[in-house]
Amino acid sequence: MDSRPPNLLLLLLLTSLLHFSQCATEQSSYIIDSVGLTILPSSTVQSGTPVTVRCQVSVSHDSIPNLTHTFHLTRDDYSIHYSTTTEDSIVYELSPARAADSGNYECRVTVKDKSKTSLNRKLDVTGLQTPILYLNKTTFYEGDEFIATCSAPEEKGSLVFRFFKRFRYEEPQKMKQVAPTGNSSETTLVLKQVGDYFLYCDYEINMVHGTRRSNYSNEIRVIVRGLYISPVMNVLPSSHVFEGDIMEVVCKVVSSLKNVEVFLTRERRILKKAPVSLSHRFRAEEGDSGELTCKAELGNVQKETYEIIKVKELFSKPRLTVQPVDIYEGDSFKLTCSVSFYVPERISNRTMQFSIYKDNVSVTSSKTYIAMAHPNTTGNYTCKFQVASLEHTLVKESQNLVVKAKVLVSKPVLSVVGGTLVLGKRFQLLCHSDNGTLPITYTLDGPGGLNGQRVVRKVGEQAIFDSSAIFNSLELNNFNCHAQNKPNNSPMAGTVHQLFHSTNVIEPVSKLVLTILPSMGDVSEGQDVTLTCSVERGTLPITFTWYHAETGIKISSKVSKKLKESHFIHNINGKHKGGYYCVSTNPANETKQSHTVMIKVNLAVWKKGLIAVFCILLILAFSFVIAFKTRLLQFKRKRTGELSVKSASTKVERLSLTQAEVNEAANVTPGMIGKSVWSEHVSGSESDDQSSVNAIEPQYTEVKTRPADPNKAPVKKGTDTVYGEVRNSKQGVPEQADGRDLSRTDTVQ
């Protein structure tokens, strides 16, 4: 198949799209030069004059084809015309112009995305059309309704119509003003006074710049005729009768009109209704006294007349009384039925009859009734008084009388409020009787001159008395309660001792004492100590708690059914020393605290013995050291003496002593060696040899040695201290061990 036609079509499509895109990218240029608004023939015209409102726009552009203009015309910012056209002007016709067309006009022109508004132009249309009044009838009866129409067909807008009447030569009066409508209004009017009237209307128009009122309409004469349908009422035999008499009331209208209705009413209740005339016959009763009204109605017109009737009683309404007023069970009571008056001229004693009823059941056909008060005699009692005649029987009934036998108060029970009494604290007592008609007067007698009284008048109230504290439960036997609800009757006393047996008496704990066993003094380590808390009195159970006074820490607590309790400390030691106290409480919730007892913990016996042995051993050791040192010193002295004797008899085997030998012989520390000259004086012991031979004190001289001869034995380098032993011979001349004279100091080179 040849594909050239499709390719050609595609090429044309691409060319068109390219051309369209080029055109879209080009922006046309335009400007709104001016917008003009004119009102012809003038800005002020008479109502009914044709008016032309013209809006014209001037636009400069670069040859834009088919340029459109949107015109928006408003009056007092209310839109009245809106159109879009290629023309450069529009014309809005007011044919003719009316008052509602008055206002400020403005024209707004929109071209594409640009808008421009003209200047405001005011139009004032003067004058209003005179309204026209129309009535559906001009002659009618008083009270008849008729239709009135007021219109101004040439006017525009929302008009408020008003209707007026003028009775003969009196001042005009406004009859009605209707809600705003169009240029016409129809309403219903009524004239109730007989005579000639003149009716007319006008209207108002509300505009932005104010309210305008029209002239009065044409006047229409209306003739209102009287409607003579006033009823006539007769009461037979009279308007004043006795109850039981037959009465007849006649109500009628004397008129030629046949569609009149008459009504007989009493206290807005219709007794009878009939056309033109009626007759109502009834037997007079006590409640028939009052005003009777006879009404005649024709259309919307009503006429009425009144008559006061009074029905006198033949006898009063019976009254039922009871004696005594307060009846208690077991008492005798009497009911009496009586009337306060009757008309003896019309009532015979033979025709009078009394009856007494209980709960609508006859209990006697007499005027009195006597019975014994009992729950079975409680109920609603009434009595009836009946008078019989040949024509009828008249019966009247009394009001209900409630007879309810009161219940005598039962023996009161005295109890402690809450059932629990704490000795030493104030408390409350409740006096209560299970049975008895209110009000009940309760009286409480007690120790200390206590005498109180409470009157219980309502269900739910209680006779509660406040009492001061007692300190012995036996004092409860001195309280007593009396209850009374019947006057002149002896009060009912409560049972003696009932309060004591029905009350839970709690005695607070007495003074608390803390004792320590085995003694109140010092305690040695390792012993067992018993802390005993005890009280003399108090209701069980009692809670005992022990505390360490210095730390305030609770160490133990026990609930006991005894008056004392103990806490044991086994194998006491130093941490247990200090003060201790205990606290007790019981159901009375009173806390008692003992005095503080101090525990001083001494060392154990074996520790004391150990310390004594240690001290003895320490003394022995010290004595041994002293003896040892004394013995050693004696040994050294003896050794020194032996060396001196030996040196005197033999030649000295060597010139000098070694350092260790010198230290051992002198019993001195090495730190003392090196001093220039030192001597030790030793006091010898008293012996037999000391008496004949003087002690020899060795003297030491610091000798500086000369350098050693390399051919000889090696000697120490430097300056060493060389000690030589110098002795005194028996002749007192010191000599060296080798026999040289040591009276001078030689320096060894």
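The chain is numbered in sequence order, starting from 1. The structure presented is a predicted model; accordingly, all values stated were derived computationally and were not measured.
Between H72 and Y82, the two ring planes are perpendicular [angle over 60°; tilted spans 30° to 60°].
No side-chain donor-acceptor contact under 3.5 Å links N136 to the backbone of T149. Put simply, the side chain of K272 gets close to the backbone of S279: a donor and an acceptor are under 3.5 Å apart. Without hydrogens or angle criteria, S316 side chain to S340 main chain gives a donor-acceptor distance under 3.5 Å. Looking at E243, its side chain never comes within 3.5 Å of a backbone N or O of K312 through a donor-acceptor pair.
The nearest pair of heavy atoms linking A97 to V51 is CB-CG2, 3.6 Å.
With sequence neighbours left out, the salt bridge (charged side-chain N to carboxylate O under 4.0 Å, His left out) criterion links D359 to no other residue. Judged as a ring pair (Phe, Tyr, Trp, His ring centres under 6.0 Å), and not counting sequence neighbours, Y92 has no contacts. Looking at residues two or more places apart in sequence or on another chain, you find no side chain to side chain donor-acceptor pair (under 3.5 Å) involving E155. Scanning for side chain to side chain donor-acceptor pair (under 3.5 Å) contacts around N215 gives an empty result, with sequence neighbours left out. Scored by the side chain to side chain donor-acceptor pair (under 3.5 Å) test, K295 finds no partners at all (sequence neighbours excluded). For F385, the ring pair (Phe, Tyr, Trp, His ring centres under 6.0 Å) partners at least two apart in sequence or on another chain are F315, F354. In this structure T86 satisfies the side-chain contact (heavy atoms from CB on, under 4.5 Å) test together with T68, sequence neighbours excluded. With sequence neighbours excluded, the residues that form a side-chain contact (heavy atoms from CB on, under 4.5 Å) with S158 are P180. Y30 pairs by the ring pair (Phe, Tyr, Trp, His ring centres under 6.0 Å) definition with nothing, not counting sequence neighbours. Checked against ring pair (Phe, Tyr, Trp, His ring centres under 6.0 Å), F146 has the following partners two or more places apart in sequence or in another chain: F140. Under the side-chain contact (heavy atoms from CB on, under 4.5 Å) criterion, K116 pairs with I32, V35, not counting sequence neighbours. Qualifying salt bridge (charged side-chain N to carboxylate O under 4.0 Å, His left out) partners for D144, counting only residues two or more places apart in sequence or in other chains: none.
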Start with the C-alpha gap between E291 and R266, add the side-chain angles, then the distance that decides, and say whether salt bridge (charged side-chain N to carboxylate O under 4.0 Å, His left out) holds.
CA-CA 6 Å; E291 184 179 77; R266 182 178 60 227; over 6 Å; no
Checking side-chain contact (heavy atoms from CB on, under 4.5 Å) for the pair E285/V311: CA distance, chi angles, key distance, verdict?
CA-CA 7 Å; E285 296 180 358; V311 180; 5.8 Å; no
Just do the salt bridge (charged side-chain N to carboxylate O under 4.0 Å, His left out) check on R221 and D196 with the steps written out, would you?
CA-CA 7 Å; R221 181 181 178 183; D196 294 347; 2.7 Å; yes
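Other residues, nucleotides and ligands contribute at most 12 non-hydrogen atoms within 6.0 Å of the CG atom of D77. Within a 6.0 Å radius of CG in N360, no more than 12 heavy atoms belonging to other residues, nucleotides or ligands are found. Around atom NZ of K458, no more than 12 heavy atoms belonging to other residues, nucleotides or ligands sit under 6.0 Å away. Atom OH of Y228 has 12 or fewer heavy atoms from other residues, nucleotides or ligands within 6.0 Å. Around atom NZ of K176, more than 12 heavy atoms belonging to other residues, nucleotides or ligands sit under 6.0 Å away.
Two residues are said to be in side-chain contact when any heavy atoms from C-beta on lie closer than 4.5 Å; K165 and L189 fail this criterion. When side chains are defined from C-beta on, I39 does not count as touching T52, because their heavy atoms never get closer than 4.5 Å.
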